[in-house]
Amino acid sequence: MIKKHIKEKIYQIFNHILDLDAKNTDRTSQRKALEGTVNFILTEKGLLKAGALLNLSCFAFFTAFNFLIYLIVNLTEELILLKILFIIGFLYDVFIFVKVKRIPLLLVFTVSMMLMDLYFSFYLLMGIPISESIYEKYFSIYNLSTYLLIANLFKISFFHFIKPSSIYVPLRLKVKKYNSTILFYLIYTITLTLIIFEIDGEVIYFTSNPYESYIRNLENSSGLPEYLIILYIILWLFETKKHQRVLLQFLFIVIGIKLFLLGFRVQMLMYVMLFYILYLDKYYKVYKVAFFIFLGYTFSFIFGIAKEIGLEKLFSIDFLTNLNLISHRSEFILSHFTGVITSSLVIIEEMSFNILTSIGFILNTFIPPVILQKILPQAQPPVYVSEYITRIPGGVYFPVFFYTSFWFLGPIIFGIFISWIFNKAFNVSRFSNLLIIYSIIIFSTLPRWFFYTPTDYLSRYLFIFLFIFYLIVSVYNVTRHEE
């Protein structure tokens, strides 16, 4: 009925156009051509092509429109235009939220972007400071507008190219598993040994300076907790029996407790995300997802305060009576989000687009960061700025990281790339086992690459995983006939 109505309307429009043609025009042939065109457009294939063309046109228009506002903002320095740029970005947050609402993992990603905008709005719309006064010079119109444009370019790309399926099938139900008791217990023993003996340090919460204790623990760990996620995922791929699942979940409890005691907040959140993906992920109503995301970020916020002042002060009456969002050190909003925003603005000012960062982006996939930082320190913008220019409070917002490597094309390319990965992974009928595992890596490491250096977790992680995984699978292919 709808198609018939559309067809009639199209015929009416084109008939009106034909009536305006010259008298000598071959109206019969034009009508036949018109009928063929309309029938093609109204086929499923035609509608898909028309929809894709419209979507691409909208993508191009809003990308160009954001660039135009950005140029006018920097020419006129009108604050109202800066706010319009922010509102466009927030509206895209809402559009993305509505579009991916059936996929809880994508909702976590979207809500994280919305929280970045929320904290940014405290400064832009309400005038509340979100950083220490020493960073005030970095909150210029140019830096603020560049930050907003970079974020908007990613959101526009992601929104127009993500195509979530109407039916949600959790990633864990699509993965091909391997049945090898010998390999399971071998990998399990290695992982448990590394957790007990190699992830070590002092319990930070009752020391005189908890944050310094945390830094020492972090230096001693050498990034091992993050890399153990690779072993955990491989171990899960060999988990086929109920008692193996219990053992694996016990391993999660052990590492979770150790990470909490050592003050490794982000690493702990990574394991929480991984546990959710491997055991709890399914379709939930939006309000339930939003509630658990709120709980997660509330816990992260309290964890962050405890890491700085210790549990004794955290639960003291003195502290609780004065607890608010304002930092206990100075009058600005204290949050991991505000730290990342401030650091991103500093990096935009001090580094901008840098060809050395582009080279480092590629090399970072194959070379460990400890070695690469000595050869090419610009490969890691947050580390480079903090060590060679000025101290910064946090990592870097991931679209800004891609901007430093590939200018304004960076966030656009990454938006298209990651939407392509998710489209393949969440496809109900056609999907790749490797892409699903890669998506598990992306989502489980989200708390790290979202706020720090994406290349560490989106590229080098994959290569390390593939190397270890195919090595183990080779052993599996040799031993499976012997079990």
Side-chain angles (χ1 to χ4, degrees), residues 96 99-110 158 161-181 183-184 187-188 191 228-249 251-252 270-286 288-289 292-293 415-447 449-450 457-459 461-474 476-477 480:
I96 294 170
K99 195 171 187 178
V100 304
K101 64 183 179 180
R102 296 189 63 85
I103 304 177
L105 290 172
L106 288 180
L107 280 180
V108 175
F109 176 60
T110 307
F158 185 76
F161 287 93
I162 190 73
K163 298 172 184 176
S165 173
S166 57
I167 301 172
Y168 180 57
V169 179
L171 296 176
R172 72 177 189 276
L173 300 181
K174 302 178 182 180
V175 176
K176 173 190 173 184
K177 288 200 169 189
Y178 302 85
N179 186 11
S180 174
T181 305
L183 284 176
F184 175 84
I187 302 168
Y188 188 90
T191 308
L228 277 179
I229 279 185
I230 294 173
L231 275 182
Y232 199 101
I233 292 173
I234 293 174
L235 191 56
W236 174 75
L237 291 173
F238 284 88
E239 171 235 284
T240 55
K241 299 177 178 65
K242 189 174 181 180
H243 71 274
Q244 292 175 342
R245 172 176 291 193
V246 173
L247 286 172
L248 199 50
Q249 291 176 350
L251 200 64
F252 169 81
M270 288 166 65
Y271 279 92
V272 170
M273 285 292 294
L274 181 62
F275 187 84
Y276 170 82
I277 294 166
L278 301 185
Y279 299 109
L280 303 175
D281 187 27
K282 65 177 183 178
Y283 171 71
Y284 295 99
K285 292 193 178 294
V286 174
K288 289 184 180 179
V289 178
F292 285 114
I293 292 173
I416 295 171
F417 168 75
I418 201 168
S419 61
W420 177 80
I421 292 290
F422 294 156
N423 288 340
K424 295 290 183 182
F426 289 112
N427 191 298
V428 176
S429 56
R430 293 178 297 171
F431 48 83
S432 160
N433 199 54
L434 181 58
L435 281 178
I436 292 170
I437 294 171
Y438 184 43
S439 296
I440 291 173
I441 293 173
I442 289 174
F443 283 114
S444 60
T445 59
L446 175 69
W449 64 259
F450 190 95
Y457 304 94
L458 300 183
S459 55
Y461 243 60
L462 179 63
F463 280 93
I464 294 171
F465 171 83
L466 289 175
F467 175 77
I468 299 174
F469 175 68
Y470 283 115
L471 184 67
I472 293 173
V473 167
S474 299
Y476 165 77
N477 289 330
R480 63 177 174 171

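Note that the numbering runs from 1 along the sequence shown for the chain. Owing to the predicted nature of the structure, the values given are computational and were not obtained by experimental measurement.
- Side-chain contact between T191 and I187 is present, with heavy atoms from C-beta onward closer than 4.5 Å.
- Contacts of F469 classified as ring-ring contact (aromatic ring centres under 6.0 Å, His included), with partners at least two apart in sequence or in another chain: Y178, F465.
- With sequence neighbours excluded, the residues forming a side-chain hydrogen bond (donor to acceptor under 3.5 Å, both in side chains) with Y276 are D281, listed by chain and number.
- F450 is not listed as a side-chain neighbour of T445, based on a closest heavy-atom distance of 4.5 Å or more.
- Residues T181 and K241 come closest through the heavy atom pair OG1-NZ, 3.7 Å.
- Taking every heavy atom of both residues into account, R172 and W236 meet most closely at CB-CZ2, 3.7 Å.
- Counting only heavy atoms from C-beta outward, the side chains of Y188 and F238 never approach each other to under 4.5 Å.
- Taking the side-chain contact (heavy atoms from CB on, under 4.5 Å) definition, one finds that I416 meets it with S157, F161, I412, sequence neighbours left out.
- Contact of the M270 side chain with the P447 side chain is registered, since non-hydrogen atoms from C-beta on lie closer than 4.5 Å.
- Annotation for K99: atom NZ counts as buried by contact number, over 12 foreign heavy atoms lying within 6.0 Å.
- Side-chain contact check for L462 versus I437: every heavy-atom pair is 4.5 Å or farther apart.
- Two residues are said to be in side-chain contact when any heavy atoms from C-beta on lie closer than 4.5 Å; L251 and L247 fail this criterion.
- In this structure a side-chain-to-backbone donor-acceptor pair under 3.5 Å is missing from N423 to I162.
- Residues meeting the side-chain hydrogen bond (donor to acceptor under 3.5 Å, both in side chains) test with Y457, sequence neighbours left out: R448.
- For F467, the side-chain contact (heavy atoms from CB on, under 4.5 Å) criterion is met by no residue, not counting sequence neighbours.
- Applying the ring-ring contact (aromatic ring centres under 6.0 Å, His included) test to Y271 and every residue at least two apart in sequence or in another chain returns nothing.
- Side-chain contact between F426 and L171: present, with at least one pair of heavy atoms (C-beta onward) separated by less than 4.5 Å.
- A search for side-chain contact (heavy atoms from CB on, under 4.5 Å) contacts involving I421 returns F417, L435, Y438, S439, I442, not counting sequence neighbours.
- Of all heavy-atom pairs between K174 and A425, the closest is NZ-O, 2.7 Å.
- Within the model, atoms CG of L106 and CD1 of I96 stand 10.0 Å from one another, a figure rounded to the nearest 0.5 Å.
- When the side-chain contact (heavy atoms from CB on, under 4.5 Å) test is applied to V246, no partner is found at least two apart in sequence or on another chain.
- Residues P164 and R102 fail the side-chain proximity criterion, which asks for heavy atoms closer than 4.5 Å.
- Scanning for side-chain hydrogen bond (donor to acceptor under 3.5 Å, both in side chains) contacts around K163 gives an empty result, with sequence neighbours left out.
- By the 30° and 60° cut-offs, the orientation of the rings of W449 relative to F109 is tilted.
- Within the structure, salt bridge (charged side-chain N to carboxylate O under 4.0 Å, His left out) pairs that include any residue of residues 231-240 comprise K177-E239, E239-R245 (at least two apart or interchain).
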